Amino acid sequence: MGTEAGRRCMVSPYEYSSINLVLMPYPFSGIEKKWREYWDKHETFRVVEDPSRQKLYVLVMFPYPSGAGLHVGHPEGYTATDIYCRFKRMRGYNVLHPMGWDAFGLPAERYAMQTGIHPSITTAENIATFKRQIKMLGLSYDWSREINTTDPTYYKWTQWIFLKIYDSWYDYRVQRARPISELIREFEQHGCSQIDCSLYCDDDHCCFIASGWTQMSRVEQHNVLAQFRLAYLAKMPVNWCPDLGTVLANEEVEEWVSKGYIVERRNMKQWMLRITAYAERLEQDLKDLDWPPGIVEMQRNWIGQSEGAEADFAIKNSSKVIRVFTTRPGTGAIMAVPGQDERDWEFAEVFNLPIVRTVRPPKHFKGKAYLGDGPAIDSDFLDGLHVEDAKKKMIEWLEKHGIGKRSINYKLRDWLFSRQRYWGEPFPLIYLEDGTVKALPERELPVLLPDSKSFKPSETGESPLATIDRWVNTIDPETGKPARRETHTMPQWAGSCWYYLRYLDPQNNKEFVARDKERYWMPIDLYVGGAEHAVLHLLYARFWHKVLYDLGYLTTKEPFRRLINQGTILGEDGQKMSKSRGNVVNPDDVVKEYGADSMRLFEMFMGPLTDSKPWSMRGVEGVYRFLNRVWRMMVAEDTGQLLSSIKDVPLTPEDERLLHQTIKKVTTDIETLNFNTAIAQMMIFVNEFLSRETKPRATMETFVLLLSPFAPHIAEELWEKLGHTQSLVYEPWPLYDEGKTAVDTVEMVVQVNGKVRTKFSVPINMDEELLKKKVLNDDSVKRHLDGKQIVKIVIVKNKLVSLVVK
RNA sequence: GCCGGGGUGGCGAAACUGGUAGACGCACAGGACUUAAAAUCCUGUUCUCCGCAAGGAGAGUGCCGGUUCGAUUCCGGUCCCCGGCACCA
């Protein structure tokens with residue numbers, strides 16, 4: 001109630017009731033309900049593969065259904081993709097536009113810890129709320145494809161994909177993942193002789209030949225293979241929060257620490273995914289993506305490719321050498337270059353180590369370490385070379401002398417993939433009595449999350465699942481021997497890593513997606529979502545996608561061809577919306593007061609999609625007034641019937657020009673996602689036509705079609721009043737005639753020494769000599785030429801005449 | 001500190017490859033309609049100065065400078081704001 005709108009509502013309810021009685025605004029609430037039901041009943045937006053038509057897959061990042069319900073930030077991306085989809089349908093595309101729920105995660109689990117209410121119940125309730133609110137906006141989703149990451153029929157396949165990752169290794173020789181069974185076959189035939197073991201294994205004494213492999217015990221073989229798998233166990237420091245009794249993801253630490261919780265590091269065995277094997281391809285393939293440059297850059301920085309050298313340093317008084325990477329720690333030893341690195345400089349100062357500059361800083365450089373470019377100094381044969389050239393020459397030298405080589409390093413680390421949580425996907429793994437890990441066979445999936453009343457992890461930091469004995473203790477389905485289940489669960493990213501594939505074939509219980517469906521729909525033509533997922537979600541999803549591609553399940557290298565980040569919607573005060581600031585706007589209130597069409601229209605009219613911009617209830621009223629004018633342009637207020645002034649009459653040339661200009665502007669602006677200016681053009685159109693005594697029926701019909709992607713409910717209603725019996729959703733999009741958008745007179749600007757002195761209207765493409773004559777005879781121009789000499793005349797066709805005088 | 005994005009009226013914003021800065025909307029002011037108000041419709045609204053007025057002059061797209069007949073747009077410098085990164089996945 002802290003908002004401007006809230007106060008208005010409280011202060012003068014009279015104002016609003018009187019509006020309702022006297023103004024008679026268009027009856028949006030009945031109209032909107034009617035058309036939502038119509039679309040549902042007719043399954044208007046249901047799509048199936050149709051090879052005869054061009055496909056279009058448009059996706060918006062699916063929400064985490066929180067208890068707070070939708071906020072006005074959600075509909076921004078949803079409306080944008082909806083407009084685009086509705087437009088493309090009318091242009092004949094076969095459009096896939098789905099929605100679902102990313103419903104595993106900590107909030108529901110924390111709520112359960114406090115209240116004892118099972119996360120599945122809260123999740124179901126929250127989804128119901130979200131779905132009601134999203135449906136209320138008239139978004140054209142194919143609801144038959146709705147998915148929910150917490151549904152066993154969904155997470156069965158998340159587990160299945162994990163098994164595929166677990167059962168794969170990265171073959172650097174061919175730069176792709178291969179099934180682990182192929183590695184076993186290779187070991188049986190050649191041992192590890194054809195593989196560069198150093199890429200997989202720290203221990204260079206373990207190399208074996210074929211017979212060595214076959215003579216290994218089962219446990220030994222298991223341990224060798226574990227070094228190769230794309231999913232592996234490692235002892236890792238994790239963020240343990242004793243008060244919450246849970247482990248936190250890195251990205252969550254800051255939030256809880258700021259709330260006063262203590263987070264400590266603890267070493268625990270964790271599942272890791274070998275995303276680093278894909279570092280090079282994740283970096284390389286960015287170049288083919290139509291993504292915002294900023295996001296591409298962020299991914300680049302995250303992957304952090306750097307070229308350097310790996311060199312062996314001799315140790316004084318020892319025959320041993322230390323291997324060091326020049327660009328970052330790796331090997332346990334680092335190379336320190338205090339002259340060119342701030343951290344090394346500080347380190348050297350503290351320990352009184354000598355500091356030698358090897359790059360000459362600019363003359364007046366005052367700082368300590370110099371990080372910029374410059375000629376090398378005190379560097380023997382490198383002196384005088386600039387940094388890049390010196391690097392090259394140095395690496396050549398190292399390689400020539402056999403004490404080092406060029407190496408490419410990455411900042412990217414392997415992905416910590418396990419969480420000690422209840423509300424996540426269980427791993428489809430068991431531990432046998434000999435300590436080995438075993439992947440459950442596919443037919444055992446899904447491994448269901450057990451029902452539980454306790455969601456707290458144990459004191460030791462083990463997952464809540466560890467406390468459920470009847471679930472943990474199981475048997476190996478293949479041998480009947482006792483086994484223990486893995487009690488960790490997967491992170492929330494898991495479900496969102498592949499949801500875009502499940503939409504293609506959500507009911508399939510044989511495969512995660514049928515191949516022909518994948519081939520038809522992929523890749524995603526447009527992906528819209530918040531920039532907060534610029535790195536992690538998008539990187540993790542690309543990684544899984546590439547693994548599945550390597551294993552032959554997918555036909556595209558990259559999932560998201562074009563990406564757009566919608567901007568944040570701020571509160572009316574220009575601050576981030578938050579409960580504590582009291583500036584949160586609830587879409588329910590907006591829709592109730594002004595209707596879903598106004599809500600949609602305002603979200604798009606505020607400004608460019610990708611910008612952050614503040615909410616304004618006054619602004620909502622503005623677009624609401626526009627929709628009322630649209631209504632009055634065609635409907636008689638007293639009877640609710642189509643106006644009798646709408647007739648089959650021809651257009652005047654001026655009106656025809658405006659119509660074609662409007663079609664053109666709206667068409668091109670939707671194509672480029674500039675919805676705000678498309679709406680502005682429609683406003684111009686209505687401002688003109690509202691007062692016409694007669695309105696050509698065909699023109700009104702065209703306008704309704706243009707409006708329909710933005711405000712679909714009112715458009716359907718007007719379409720019906722115009723005499724149509726079918727929904728306009730699949731009507732062909734209006735075409736414009738370029739020739740009819742052209743004007744026959746233009747306003748000519750006359751500048752003298754760069755200053756605008758007069759303007760007049762002239763026929764288009766006027767003869768230049770005639771134009772000059774006209775300009776020089778103009779009184780107000782003459783005044784500024786008084787006594788001066790014309791040096792130069794610049795004529796820009798149909799725009800301006802610029803006189804330079806002395 | 002590094003990387004990316006951005007600074008335009010009272011506010012949200014427009015402006016195609018350099019060519020009328022401020023479309024469209026909000027807010028505000030005046031008017032019409034009305035007994036009155038609301039709603040609706042019309043007119044005006046970047047700032048400063050001159051003029052009774054029609055009108056005129058000057059300044060203006062964060063700031064300083066450059067290129068150009070002409071710069072919100074291109075170039076150099078500088079300040080501020082937002083997002084990311086700072087060895088952490």
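In what follows, every chain begins at residue 1, and chains take the letters A, B, ... in the order their sequences are listed. Note that this is a predicted model, so its numbers are computed, not measured.
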Q) Regarding A/R692 and the six-membered ring of A/F689, is the cationic atom NZ or CZ under 6.0 Å from the ring centre and inside 45° of its axis? A) yes
(Q) Set out, in order, the CA-CA distance, both residues' side-chain angles and the distance that settles salt bridge (charged side-chain N to carboxylate O under 4.0 Å, His left out) for A/E738 and A/K664, then state yes or no. (A) CA-CA 8 Å; A/E738 188 70 55; A/K664 181 178 178 179; 2.8 Å; yes
Find the distance [X]:[atom1] to [N]:[atom2] and express it as a whole number of Å.
| X | N | atom1 | atom2 | answer |
| --- | --- | --- | --- | --- |
| A/N674 | B/C16 | CG | C1' | 12 Å |
| A/E297 | B/C2 | CD | C1' | 11 Å |
| A/F602 | B/A13 | CZ | C1' | 11 Å |
| A/M604 | B/A13 | CE | C1' | 15 Å |
| A/N798 | B/G19 | CG | P | 15 Å |
| A/M298 | B/C82 | CE | P | 16 Å |
| A/D573 | B/C11 | CG | C1' | 14 Å |
| A/Q661 | B/C16 | CD | C1' | 14 Å |

Heavy atoms only, 4.0 Å cut-off, all strands: where does [X] land among base, sugar-phosphate and nothing?
| X | answer |
| --- | --- |
| A/S612 | sugar-phosphate |
| A/Y540 | sugar-phosphate |
| A/P292 | nothing |

Q: Identify which nucleotide among B/A14, B/U40, B/C85 has an atom closest to any side-chain atom of A/K411, counting heavy atoms from C-beta outward.
A: B/C85
Could you pull out the closest heavy-atom pair between [X] and [Y], with the gap in Å?
| X | Y | answer |
| --- | --- | --- |
| A/P292 | A/L563 | CD-O, 3.1 Å |
| A/D414 | A/R274 | OD1-CA, 3.2 Å |
| A/A711 | A/L627 | CB-CD2, 4.1 Å |
| A/L690 | A/R632 | CD1-C, 4.0 Å |

I'd like the [atom1] distance from [M] over to [N], given in whole Å.
| N | M | atom1 | result |
| --- | --- | --- | --- |
| B/U17 | B/G12 | C1' | 28 Å |
| B/G19 | B/A71 | C1' | 10 Å |
| B/C63 | B/C79 | P | 15 Å |
| B/A13 | B/G6 | C1' | 14 Å |
| B/A53 | B/G7 | C1' | 40 Å |
| B/C24 | B/G77 | P | 39 Å |
| B/G56 | B/U61 | C1' | 25 Å |
| B/U40 | B/G51 | C1' | 37 Å |

Q: Would you write the dot-bracket representation of RNA chain B, where each base gets (, ), [, ], | or . depending on whether it forms a Watson-Crick or G-U pair under 3.5 Å and with which partner?
A: (((((((..(((......[....)))((((((.......))))))(((((....)))))..(((((..]....))))))))))))....
Q. For the residue pair A/W291 and A/F560, does the interplanar ring angle fall in the parallel (under 30°), tilted (30 to 60°) or perpendicular (over 60°) class?
A. tilted
Q. Which of residues 737-745 of chain A have a heavy atom under 4.0 Å from RNA chain B?
A. none
Q) Given the side-chain rings of A/F602 and A/W615, with only the six-membered ring counted for Trp, is the space between their centroids under 6.0 Å? A) yes
**Q.** A/Y278 ring center within less than 6.0 Å of A/Y170 ring center
**A.** yes
Q) Between A/V535 and A/D611, which is nearer to the 5' end of RNA chain B once each is assigned its nearest nucleotide? A) A/D611
Q | First encountered from the 5' end of RNA chain B, between A/M606 and A/V796 | A | A/M606
Taking 4.0 Å as the cut-off, does a side-chain nitrogen or oxygen of [X] come that near to OP1 or OP2 on [N]?
| X | N | value |
| --- | --- | --- |
| A/H784 | B/A57 | yes |
| A/R300 | B/G84 | no |
| A/K755 | B/C69 | no |

Q.
Quick check on side-chain hydrogen bond (donor to acceptor under 3.5 Å, both in side chains): which of A/K235, A/R419, A/Q420 does A/Q270 satisfy it with?
A. A/Q420
Q. Is it true that atom CD of A/E264 has more than 12 heavy atoms of other residues, nucleotides or ligands lying nearer than 6.0 Å?
A. yes
Q. Is the NZ atom of A/K782 crowded by more than 12 outside heavy atoms at less than 6.0 Å?
A. yes
(Q) For A/T677, is there any backbone N or O sitting under 3.5 Å from a side-chain donor or acceptor partner on A/K665? (A) no
Can you give me the N/O atom pairs linking the protein to nucleotides 20-27 of chain B at distances under 3.5 Å, or say none if there are none?
unit_1, atom_1, unit_2, atom_2, d
B/U20, O2, A/K759, NZ, 2.7
B/U20, N3, A/E747, OE1, 2.9
B/U20, O4, A/E747, OE1, 3.1
B/G25, OP1, A/N687, ND2, 3.1
B/C26, OP1, A/R625, NE, 3.1
B/C26, OP1, A/R625, NH2, 2.8
B/A27, OP1, A/R618, NH1, 3.4
B/A27, OP2, A/R625, NH2, 3.3

Q: Identify which one of A/Y540, A/W271, A/Y232 satisfies the ring-ring contact (aromatic ring centres under 6.0 Å, His included) criterion when paired with A/W415.
A: A/Y540
Q.
Quick check on B/G9: syn or anti? Syn means the glycosidic torsion is within 90 degrees of zero.
A. syn
